[in-house]
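Heads up, the thing below is written out as structure tokens.
Just so you know, these numbers use all the heavy atoms, side chains as well, and skip hydrogens, waters and symmetry mates. For reference, positions follow the sequence shown, starting with 1. Everything numeric here is computed off the predicted structure, so don't read it as measured data.
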Amino acid sequence: MATLQQVFYVLQRMKDVRFEKIFKSVSELEKGMRFVLIYLSLNKQDVYASSISEEMGISRARVGMLLQKMSNKGFISKT
């Protein structure tokens, strides 16, 4: 499992290094979690589950479950 420190490292380095190289070192993150972390890092405004749902092409309920899982692991915080 990726630690919170590893997640912060990934977010800090996303602009400098190619995504594929970073995610090889944080292989425990699922594809959906990777997408959400990238999406959040690229959007400076408030991000809603509905916008993530549209970008991913999956239901809002499924995104909600993914966000809850990420929140429980400490990867994100919802406000």
side-chain contact (heavy atoms from CB on, under 4.5 Å) filter on Glu54, not counting sequence neighbours, yields none
Closest non-hydrogen atoms of Ile76 and Leu37, given as atom of the first, atom of the second and distance, are CG2-CD2, 4.3 Å
Taking every heavy atom of Ser53 against every heavy atom of Val63, the minimum-distance pair comes out as CA-CG2, 3.7 Å
I need the Arg60 CZ to Leu66 CG distance, nearest 0.5 Å. 15.5 Å
Quick one: pull up CD1 in Ile52 and CG in Asn43 and give me the separation to the nearest 0.5 Å. 8.5 Å
Determine, using the 4.5 Å side-chain heavy-atom cutoff (strictly less than), whether Val47 and Met65 are members of one ILVMFWY cluster. no
Within a strict 4.5 Å, meaning less than it, do heavy atoms of the Met56 and Arg62 side chains meet? no
For atom OH of Tyr48, decide whether the heavy atoms of other residues, nucleotides or ligands shown that lie under 6.0 angstrom number more than 12. no
